[in-house]
**Q** 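Sharing a structure below in structure tokens format, with a few things to ask.
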Amino acid sequence: MRRILQFLCLLWLLTGTAMAGETLDSVKSSRMVRCGVSTGIPGFSERDAKGHWSGVDADFCRAVAAAVGEATRVSYQALPTLARFPALMSGEVDILARNTTWALGRAVRLGIVFTGPLVYSSQGVLVRAESGIADIAALDHTKICVVKDSTQDASLLYWAMRMKLHIDKAGFDSDEQAREAFLRGECQGYASDAALLASMRLGAPGGKDAYGIIEDDSTMAPLSPAVRLGDDAWRQLVETVWAALLLAEEFGLGQADFTPGAPMSPAKEVFLRKSDTLAKPLGIEPGWAARVVAAVGNYGEMFARNLGSGSPLRLERGPNRLWSQGGLMIPPDF
């Protein structure tokens, strides 16, 4: 992992300056947003038999494309764990929306910018229901599959120190490798973000009920899209789209409010007027926020459809509620 980080830092030094400021121009010229996503995680980014991508990460890329012009103008690239940062830093993709934990070390060492959390998730460990493991203390003297040098790797160390546990960690280079090792029975548990574990067990052998998730509520990881450092115009656009999704929910505006023929309301009028004042500085056409919400809904709708009550996962919204509802989602005002 250390050698990979060193290689990525060199790649950033060689390519970052040359690409500064070019992304938005390239996207507008090609009329296409190139989006790096997972190889298939339900609720986050998953492609169906017809080639349609769904999930909060896929929807966010659709929202960015809508702001620039057309929501359908997205090219999705499925990236294994080890390929995600090289693809972003080399310019292969314009935005990385791949259930990636926002970590200061990643941002500083790799030269990337996280643009706003799409999902907050506690850390967790996936175990087999038949194992009888029901809490963190029961992980004592177990073997856990985990990605080396990851945030989950650090969480296991924290649990062991805090609760005086002996945890045997089996380290892997990628989530795919760690997950497959767990399913083969090489470990008693698999550590990752709890939301991702909930997604993974849907398609695991034996089905959802064959597994349990041990969560640690004292940890919280923000999963965020990322862009390259140094391209301020593109970064500001992506950050503003993230804020607009949350602000639409704060304004009480959803996808139905921006369908053709939908009536104007005081909230809608203020939302459109305030967002349109940013169109010229952002380098995009007025009506961008209306296009965003028309394409994917507000943040609450996006969460419910992909992860919450309207999805097979049926996750509680919890920390992903707006700040006014007791959650952690706090957008800057227009």
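Heavy atoms only: backbone and side chains are in, while hydrogens, waters and symmetry mates are out.
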**Q** What residue among V113, L118, V241 forms side-chain contact (heavy atoms from CB on, under 4.5 Å) with P225?
**A** L118
**Q** Show the numbers, then the answer: is there a side chain to side chain contact (heavy atoms under 4.5 Å, CB included) between L245 and V296?
**A** CA-CA 9 Å; L245 291 167; V296 301; 3.7 Å; yes
**Q** For residues I112 and L229, determine if any side-chain heavy atom of one lies less than 4.5 Å from a side-chain heavy atom of the other.
**A** no
**Q** Can you confirm whether more than 12 heavy atoms, excluding those of E180, are under 6.0 Å from its CD atom?
**A** yes
**Q** Verify the cluster assignment for F182 and I214: are they in a single hydrophobic cluster under the rule of side-chain heavy atoms below 4.5 Å apart?
**A** no
**Q** Checking Y299 side chain against A244 main chain: does a donor-acceptor pair fall under 3.5 Å?
**A** no
**Q** So, E130 and R128, do they make that salt bridge, N to O below 4.0 Å?
**A** no
**Q** Drop me the distance from N99's CG to S224's OG, to the nearest 0.5 angstrom.
**A** 11.5 Å
**Q** Ignoring hydrogens and angles, state whether a donor on the side chain of D216 or W159 is under 3.5 Å from an acceptor on the partner side chain.
**A** yes
**Q** Can you hop from Y120 to L196 via hydrophobic side chains spaced under 4.5 Å?
**A** yes
**Q** Is the closest side-chain heavy-atom distance between V27 and W234 below 4.5 Å?
**A** yes
**Q** Charged N to carboxylate O below 4.0 Å: is that the case for R34 and E92?
**A** no
**Q** Identify the residue among V227, L237, T23 that makes a side-chain contact (heavy atoms from CB on, under 4.5 Å) with I95.
**A** V227
**Q** Using a distance-only test with no angle check, is there a side-chain donor-acceptor pair under 3.5 angstrom linking E215 and S122?
**A** yes
**Q** Where does the angle between the aromatic ring planes of H166 and H141 fall among parallel (under 30°), tilted (30 to 60°) and perpendicular (over 60°)?
**A** tilted
**Q** Is it the case that more than 12 heavy atoms not belonging to R162 sit under 6.0 Å from its CZ atom?
**A** yes
**Q** Looking at CG of D59 and CE of M302, how far apart are the two atoms once the value is rounded to the nearest 0.5 Å?
**A** 6.0 Å
**Q** Just wondering, do P80 and E176 contact through their side chains at under 4.5 Å, heavy atoms?
**A** yes
**Q** Mark yes or no for whether Q123, through its side chain, and A194, through its backbone, hold a donor-acceptor pair below 3.5 Å.
**A** no
**Q** Is any side-chain heavy atom of F172 closer than 4.5 Å to a side-chain heavy atom of K148?
**A** no
**Q** From D175 CG over to S38 OG, what is the distance, rounded to the nearest 0.5 angstrom?
**A** 10.0 Å
**Q** Can we say K268 and D257 salt-bridge, meaning some charged N sits less than 4.0 Å from an Asp/Glu carboxylate O?
**A** no
**Q** Is there a donor-acceptor contact under 3.5 Å from the side chain of T240 to the main chain of Q236?
**A** yes
**Q** Evaluate the side chain to side chain contact (heavy atoms under 4.5 Å, CB included) criterion for residues F44 and L223: first the C-alpha distance (whole Å), next the side-chain angles of each, then the deciding distance (0.1 Å), finally the verdict.
**A** CA-CA 10 Å; F44 287 87; L223 307 181; 3.9 Å; yes
**Q** If two hydrophobic side chains count as joined below 4.5 Å and joins carry through other members, does M220 share a cluster with V125?
**A** no
**Q** Taking P286's backbone N and O only, do any of them form a donor-acceptor pair with R291's side chain (distance below 3.5 Å, no angle check)?
**A** yes
**Q** Hey, is R235 close enough to D232 for a salt bridge, meaning N to O under 4.0 Å?
**A** yes
**Q** Tell me if a side-chain donor or acceptor on S30 pairs with a main-chain N or O of S26 at a distance below 3.5 Å.
**A** yes
**Q** What distance separates Y211 OH from L126 CG, expressed to the nearest 0.5 Å?
**A** 7.5 Å
**Q** Side chains of D193 and Q152: is there a donor and an acceptor less than 3.5 Å apart?
**A** yes
**Q** Hey, are Y76 and R62 close enough side-chain-wise for a donor-acceptor pair under 3.5 Å?
**A** yes
**Q** Could you walk me through whether L79 and R98 pass side chain to side chain contact (heavy atoms under 4.5 Å, CB included), step by step?
**A** CA-CA 8 Å; L79 299 171; R98 196 199 175 282; 4.3 Å; yes
**Q** Measure from the side-chain N and O atoms of E249 to the backbone N and O of G300, and report whether any donor-acceptor pair falls under 3.5 Å.
**A** yes
**Q** Does a side-chain heavy-atom distance below 4.5 Å link S265 with L253?
**A** yes
**Q** Testing the 3.5 Å rule here: is there a donor-acceptor pair between the side chains of E250 and W323?
**A** yes
**Q** Using modelled atom types only, decide if a donor and an acceptor are shared between the side chain of D168 and the backbone of K143 within a distance under 3.5 Å.
**A** no
**Q** Using the rule given for side chain to side chain contact (heavy atoms under 4.5 Å, CB included), can you reason through M200 versus I41, listing the C-alpha separation, both sets of side-chain angles and the distance that settles it, and then say yes or no?
**A** CA-CA 7 Å; M200 176 204 150; I41 300 177; over 6 Å; no
**Q** Within a reach of under 6.0 Å around CE of M264, are more than 12 heavy atoms found that belong to other residues, nucleotides or ligands?
**A** yes
**Q** Check the hydrophobic clustering (I, L, V, M, F, W, Y; side-chain heavy atoms under 4.5 Å; chains of links allowed) and say if I330 and F271 are grouped together.
**A** no
**Q** Return yes if some donor-acceptor pair links the side-chain N/O of S45 with the main-chain N/O of D57 below 3.5 Å, else return no.
**A** no
**Q** Calculate, to the nearest 0.5 Å, the distance between atoms CG and OH belonging to L183 and Y190 respectively.
**A** 9.0 Å
**Q** In this structure, would I213 and M163 fall into the same cluster of hydrophobic residues linked by side-chain contacts under 4.5 Å?
**A** no
**Q** Look only at the side chain of Y158 and the backbone of D153, and say whether a donor-acceptor pair between them is shorter than 3.5 Å.
**A** no
**Q** Can you measure from CZ (R228) to CG (D94) and round to the nearest 0.5 angstrom?
**A** 6.0 Å
**Q** Verify the neighbour count for atom CZ of R321: are there more than 12 heavy atoms of other residues, nucleotides or ligands below 6.0 Å?
**A** yes
**Q** Can any side-chain N or O of E46 pair as donor or acceptor with the backbone N or O of W53 at less than 3.5 Å?
**A** no
**Q** Charged N to carboxylate O under 4.0 angstrom, K164 versus D140?
**A** no
